[in-house]
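In what follows, a single structure is set out as structure tokens and then discussed.
First the proteins, then the strands, lettered A, B, ... as listed; each starts at 1.
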Number of protein chains: 2
Amino acid sequence: MSRRVLVVEDELPIRDMLVFALEQKGYYTLEAETYTEALDKIVEPYPDLILLDWMLPGGSGIQLAKQLKQNEYTRQIPIIMLTARGEEEDKIRGLEVGADDYVTKPFSPKELLARIRAVMRRSTPTSSEDMIQVQGLKLDPVSHRVTANEDGLDMGPTEFKLLHFFMSHPERVYSREQLLDHVWGTNVYVEDRTVDVHIRRLRKAISTHGHDKLIQTVRGAGYRFSSKVS
Amino acid sequence: MSRRVLVVEDELPIRDMLVFALEQKGYYTLEAETYTEALDKIVEPYPDLILLDWMLPGGSGIQLAKQLKQNEYTRQIPIIMLTARGEEEDKIRGLEVGADDYVTKPFSPKELLARIRAVMRRSTPTSSEDMIQVQGLKLDPVSHRVTANEDGLDMGPTEFKLLHFFMSHPERVYSREQLLDHVWGTNVYVEDRTVDVHIRRLRKAISTHGHDKLIQTVRGAGYRFSSKVS
DNA sequence: TCTTAATGTAACAAAAACATCATAAAACAA
DNA sequence: TTGTTTTATGATGTTTTTGTTACATTAAGA
């Protein structure tokens with residue numbers, strides 16, 4: 001599991017400190033000093049997390065976050081914002097825009113790393129661009145295609161994401177709420193029951209070769225993607 | 001998973017609305033109208049989240065938050081503050097004091113519930129997810145599966161919870177009331193004898209390989225999960 | 001042995017959880 | 001713009017689960 005963190009911070013000493021702490025802990029780091037530079041780095045393969053200085057010259061930190069959260073593919077990348085003490089305004093706007101957490105400068109590396117861990121744990125490892133295959137059901141994230149025994153399957157974007165998530169997290173029950181968080185994303189207000197419908201559509205889409213059995217209902221708990229019989 | 005939410009709000013209609021929405025979603029609720037009343041409710045077992053009206057008479061909402069965040073034990077309870085539109089001052093002070101998020105009145109229940117979800121997930125550390133195994137009987141909390149010598153077993157949610165509890169607390173007698181507290185949860189009114197029925201169902205479910213002997217009746221006391229012969 | 005309290009069991013009705021469908025709104029493409 | 005696809009939701013139908021009751025069985029002491 002690659003764990004790549006993009007550090008967007010214009011002050012070199014702080015950036016260095018962050019990079020040092022991160023690499024110490026085994027993360028790969030990317031660095032950007034400006035808004036433009038950051039955008040250059042946010043391409044596939046996407047980083048797994050972005051540490052974003054809110055105080056970029058021209059307030060472009062907020063700008064960047066907003067932009068990322070609007071794009072379907074970058075929306076999932078968790079963002080931890082770095083704010084100066086007292087810049088509470090920023091925190092508010094940050095949470096409004098969809099940042100996942102914030103850390104106030106000056107911060108201890110320990111605290112920061114703890115928050116990174118927490119945020120990462122609950123986010124999808126989007127890094128895997130590899131083809132996933134289970135019992136003849138193939139999903140290729142790169143070409144954005146699903147095939148069952150070489151037959152192409154048709155499904156909507158949400159079903160694709162749902163299947164992608166399931167296939168990369170098999171043998172594990174997810175409650176509807178967890179699925180909403182992981183597939184729809186945080187800060188989205190959708191009914192629990194909506195998950196049912198998409199599960200239904202996904203099952204239908206992959207049912208031609210009997211793959212719908214892979215998606216199992218776990219009563220009272222949620223859904224599970226499993227190749228074992230229930 | 002206990003999900004108890006304390007609602008601190010002096011206006012009855014809003015409090016009612018909140019409580020209704022929360023219970024609709026399966027949360028247990030506690031209510032408080034004033035600062036003092038709130039303090040009374042914040043005792044063990046601590047609520048898992050506090051919805052705090054910032055506009056309590058006398059500004060005591062802020063007071064309360066500050067106090068909670070200063071105490072070692074209550075500090076970790078996440079707080080979502082309810083602010084009136086435009087009261088940016090409050091939001092700022094709220095975050096300064098340590099609130100975890102805020103919602104602006106008037107708010108949609110949907111948004112509120114989504115934020116509750118997000119905040120709870122942030123704070124709840126994943127509880128024991130280890131597989132438990134006793135004499136070939138395996139329970140995997142992650143995939144939510146029970147197998148006996150590799151054969152999958154079928155049981156209802158309550159039986160699963162019951163078995164989970166037993167397996168993580170073996171060699172110890174539990175009275176029916178204790179089982180109700182631990183498995184069904186507190187403040188649930190259910191007959192004692194109902195436990196018998198679920199014990200019966202659980203035994204039946206795990207009996208294929210003789211594991212029903214693990215659940216032993218202790219006359220006059222309750223039940224015990226034990227790998228030793230009785 | 002008999003009595004009695006405690007526990008086991010099956011059946012049933014009510015509630016809860018889930019599946020499915022139709023529809024309207026939203027997003028998207030032509 | 002118009003037409004098409006996708007999405008979210010409420011309504012409704014279906015299945016599973018749950019709690020309770022009534023009766024059967026068991027264990028322990030008198």
Decide yes or no on side-chain contact (heavy atoms from CB on, under 4.5 Å) for B:Arg203 and B:His211, but give the supporting numbers first. CA-CA 8 Å; B:Arg203 277 176 174 157; B:His211 289 112; over 6 Å; no

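Taking the side chain of B:Arg176 as heavy atoms from C-beta on, and the options C:dT7, D:dT7, D:dT9, the nearest nucleotide is C:dT7. Checking D:dT7, D:dG19, D:dT17 against the side-chain heavy atoms of B:Pro157 singles out D:dT17 as nearest.
In terms of phosphate contacts, B:Trp184 brings no side-chain nitrogen or oxygen within less than 4.0 Å of OP1 or OP2 of D:dT18. Between B:Arg193 and C:dT9, a side-chain N or O to OP1/OP2 separation shorter than 4.0 Å is absent. OP1 and OP2 of C:dC21 both lie 4.0 Å or more from every side-chain N or O belonging to A:Arg201. Remark: A:Arg200 is in phosphate contact with C:dC21, judged by side-chain N or O atoms under 4.0 Å from OP1 or OP2. Taking 4.0 angstrom as the limit, B:Tyr223 places none of its side-chain polar atoms (N or O) nearer than this to OP1 or OP2 of C:dA6. The phosphate of C:dT7 (OP1 or OP2) has no side-chain N or O of B:Thr217 nearer than 4.0 angstrom. Applying the 4.0 Å criterion to OP1 and OP2 of D:dT17, one finds that B:Thr158 has every side-chain N and O outside that range.
Atom P of nucleotide C:dT9 and atom CG of B:Leu202 are separated by 12 Å, given to the nearest angstrom. In this structure, the CD1 atom of A:Ile199 is 15 Å from the C1' atom of D:dT7, given to the nearest Å. Distance NE2 (A:His198) to C1' (C:dA26): 12 Å, rounded to an integer number of Å. In this entry the distance linking NZ of B:Lys204 with C1' of D:dT17 reads 14 Å, nearest Å. Rounded to an integer number of Å, the gap from B:Asp196 CG to C:dA6 P is 12 Å. Per the geometry, CZ belonging to A:Phe160 stands 14 Å off P belonging to D:dT6, to the nearest Å. Atom-to-atom, CZ of A:Arg203 to C1' of C:dT20 comes out at 12 Å; the value is rounded to the nearest Å. Across the protein-nucleic acid pair, B:Arg219 atom CZ and D:dA28 atom P stand 6 Å apart, rounded to whole Å.
Not less than 6.0 angstrom separates the ring centroid of A:Tyr174 from the ring centroid of A:Phe225. Between A:His144 and A:Phe160, the distance separating the two ring centers is shorter than 6.0 angstrom.
Using a 4.0 Å heavy-atom distance criterion, A:Val218 is classed as a sugar-phosphate-only contact.
Side-chain N/O atoms of A:Ser227 and A:Gln135 include no donor and acceptor closer than 3.5 Å.
Taking a 6.0 Å sphere around CD of A:Glu171, one finds it holds more than 12 heavy atoms contributed by other residues, nucleotides or ligands.
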